[in-house]
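Okay, so here's the structure we're looking at.
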Amino acid sequence: MTLRIFAVLTLSLTLIGCGTGKNNANDLALNTPILAHVNLSKVQNDKAPVTINPGRFTINTVTYRLPRVVQGTYSVSDFGKYIDNFKALDYDGNLLKVTKLDVNTWQIEGAKKLDKITYEVNDTFDIETKGGIGGEQPFSPSGTNIEPKNYVLNLHGFIGYFDSLKNNQYKLDVTAPKAFSRTSALQKISDKEDSSGNYITTTYAAPRYFDITDNPMMYGNLDVEEFKVGDIKIVLSVYSPNKIHTAASLKETIFKMMQAQKAYLGDINTTPRYDIYLYLSEGKEDSPKGFGALEHHTSTVVVLPESSNAERLASSMIDVVSHEFFHIVTPLSVHSEDVHYFDYNTPTFSKHLWMYEGVTEYFATLFQVYQGLVEKEAFYAKIMQKIESSKNYNDALSFTIMSENVLKDAYKDEYINVYLKGALIGMCIDILLREESNGKRGILSLMKELSQKYGKNKPFEDDKLIEEITAMTYPSVGEFLNTHVAGDLPINYNVFFEKAGLEIGQANIKTNYIMMNGAPIVGADPEQGVIFFTEAVLENSFWAEQGAQPKDVIKTIDGEALTLLNANQLLQDVFSWTPGKAIEVVLERNGTPVTIKTVTTQAYTKGKGLVEKENATAAQIALRKAWINR
């Protein structure tokens, strides 16, 4: 931070002169907030007009940029692609010369006369679903939405920065219909109604450009719930186009989850307010399909399918939002210089994605069993699932090398493994720390110590982190990190499970009613126009108990005929079934109808699973108890 402020102060010595007849420093760009206006009352063809007034420049050439990459993402977004009709105007309303240097950068000549710039912003949700306009598209939760009833305002898609003014304050006006609900964690200065009484302009303040990118907004026909979890104010904003889900229906799930997270985190500093913006996708051709979330310091944007039933949506919210909330630990409280001094157009990346994303994902998995939200068998199943899924990636690849080069073609396809093997790395460190400390220390206590040493305003040196962690913990932890994280030797997870009295063996694995091990248990005969059960149906405990047989043709599901035309929708409904649902399915077996009318029970299949050893020692059981609190 000191270096950045010093650089700006040094530049200010060179930016002297006159501008619009005022020979004082009060209106100099370096001394005034950048005024930005997003006008949602003037949207045409899904394009929102934006005006930027930076104040008076005393140099002839300035550069304005939209981000190429935004924090929390590890791919190229190129938000400049979504900008149309870019203009720079002088104080008399005349056009200044603008040269587009690259997809995200505009160079303005005659900047001493620059009054404002104007442009129109296309939303990325539409572009994403139409196949894009070339190159990579933003992941939906980092993108933007412009439609009559909803606006997802990830502000990095609307507002850019001048190279020399990233540390300037911003004053942001957003004009929108009076009837809209609006939520944002940015500091609100005022609301002003226009003369017609139909529109309100809300003015917000942001200390610097980072705060513009770190505080998304949602406007429109929203369902909003506000409640307290301890001393944190939670603001849950939900947009469900067909009003299938509400903020009220999710409130209890979020409350219990965040209450458990706070209990798990203990005395780690949190935030006085946390915003959750949930956009539920209709699943239409022009609907976003990148499901997941993007974290910010005090908020997260989530995109999930609206078609999920209440139970599945609640489960997804626990998995997704808990991960994002745990980012208050890392990288928000513990991070490297690459994160702290992030460059939105030519970013460098830390070597430690295993910690930022991997440990965060591990916390989101572990806290649920530790706080009693799920049974230990569910935790074991999730760990086993991560092991199996991680095998789809290069297991003999240095995680630090991959992390540092994550945008390069040779490594970018390995990124998803940070949520799989990255979480398993966190697990192994946790078990090692429990073993070395007789259960008294774990990876959470390590992250607390790192938070105390650094915190959100002091970055660590990337190349020294493993050395520091080793000094703070034990040689075995340093050996593990150097061998399996910086090094490329695959991890033998059995070594770590043995310490906790666990082993990989045959187990009952929870499954659903239509898919097992990633494959459907039904097939189709296009000539006959029928859907039928395959041999795999015998491995599904629920259907086996109901007497279903291979080659049984599925005629109706809850009274609706199953055809090739509606199979996707009806079978998606079956996929969403949960235990306790009354169902009626009519099969045809060798020309004879067979009716299954029952209430669903949990479906299981046999497979490799993580199980407790019958002959586990007292020491192994004690370590397991310290590790998962069960």
Side-chain angles (χ1 to χ4, degrees), residues 1 230-232 260-271 295 297-298 322-341 350-367 369-371 399-400 403 418 422-486 496 499-500 622-629:
M1 183 66 71
D231 55 354
I232 303 178
Q261 287 184 278
K262 273 186 63 67
Y264 177 73
L265 287 172
D267 58 358
I268 285 185
N269 289 331
T270 55
T271 172
E295 85 275 3
H297 274 73
T298 60
S322 65
H323 174 101
E324 305 308 329
F325 183 73
F326 275 124
H327 273 302
I328 68 172
V329 181
T330 182
L332 305 183
S333 292
V334 182
H335 55 255
S336 72
E337 293 164 322
D338 304 84
V339 174
H340 199 74
Y341 303 114
S350 169
K351 296 178 178 180
H352 301 294
L353 269 176
W354 67 269
M355 184 176 72
Y356 303 144
E357 295 295 345
V359 169
T360 300
E361 176 66 11
Y362 174 64
F363 282 156
T365 304
L366 178 66
F367 98 97
V369 65
Y370 199 91
Q371 294 296 325
F399 239 64
T400 56
S403 179
V418 301
L424 298 169
I425 288 169
M427 177 194 73
C428 293
I429 295 171
D430 201 10
I431 292 173
L432 277 176
L433 288 168
R434 295 293 183 189
E435 180 185 45
E436 293 278 15
S437 66
N438 293 320
K440 295 179 181 178
R441 299 178 71 187
I443 195 163
L444 179 60
S445 60
L446 170 61
M447 296 311 300
K448 287 183 179 182
E449 292 169 32
L450 285 168
S451 295
Q452 291 166 358
K453 182 173 182 178
Y454 291 103
K456 65 179 182 179
N457 294 319
K458 181 182 177 183
F460 60 77
E461 289 187 51
D462 216 51
D463 291 337
K464 293 184 178 180
L465 181 64
I466 291 178
E467 180 184 330
E468 288 192 61
I469 289 176
T470 305
M472 294 168 70
T473 57
Y474 309 97
S476 61
V477 175
E479 181 182 356
F480 172 83
L481 288 168
N482 283 309
T483 303
H484 300 294
V485 181
F496 297 89
K499 298 176 188 296
L623 190 151
R624 186 167 70 226
K625 171 75 173 176
W627 171 34
I628 65 171
N629 201 27

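Heavy atoms only: backbone and side chains are in, while hydrogens, waters and symmetry mates are out.
- A donor-acceptor contact shorter than 3.5 Å is absent between the side chain of T360 and the backbone of H327.
- By the side chain to side chain contact (heavy atoms under 4.5 Å, CB included) test, H297 pairs with F210, D214, L332, sequence neighbours left out.
- The aromatic rings of Y370 and Y264 stand perpendicular to each other, their planes meeting at an angle above 60°, with 30° marking the opposite boundary.
- In this structure, F326 and F363 have tilted ring planes: the angle between them lies in the 30° to 60° band.
- Screening residues 441-455 for salt bridge (Lys or Arg N to Asp or Glu O under 4.0 Å), with sequence neighbours left out, gives D267-K448, R441-E449, K453-E468.
- Remark: aromatic rings of F496 and F480 are close, center separation under 6.0 Å.
- The existence of a salt bridge linking K351 and D463 is confirmed by a sub-4.0 Å separation between a basic side-chain nitrogen and an acidic carboxylate oxygen.
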TODO: Would you sort out whether I425 and Y362 count as a side chain to side chain contact (heavy atoms under 4.5 Å, CB included), showing the intermediate values?
DONE: CA-CA 9 Å; I425 288 169; Y362 174 64; over 6 Å; no
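- One side chain, E357 or H323, offers a donor N or O that lies under 3.5 Å from an acceptor on the other.
- Residues V477 and M472 form no side-chain contact, since every pair of their non-hydrogen atoms from C-beta on lies 4.5 Å or further apart.
- Between the side chain of H352 and the backbone N or O of D462, at least one donor-acceptor pair lies under 3.5 Å.
- Between the side chain of Q261 and the backbone N or O of S322 there is at least one donor-acceptor pair closer than 3.5 Å.
- Summarising the geometry of D430 relative to I443, their closest heavy-atom pair is OD1-N, 2.9 Å, with the distance given to 0.1 Å.
- In this model, a donor atom of one side chain and an acceptor atom of the other lie less than 3.5 Å apart for Y356 and S336.
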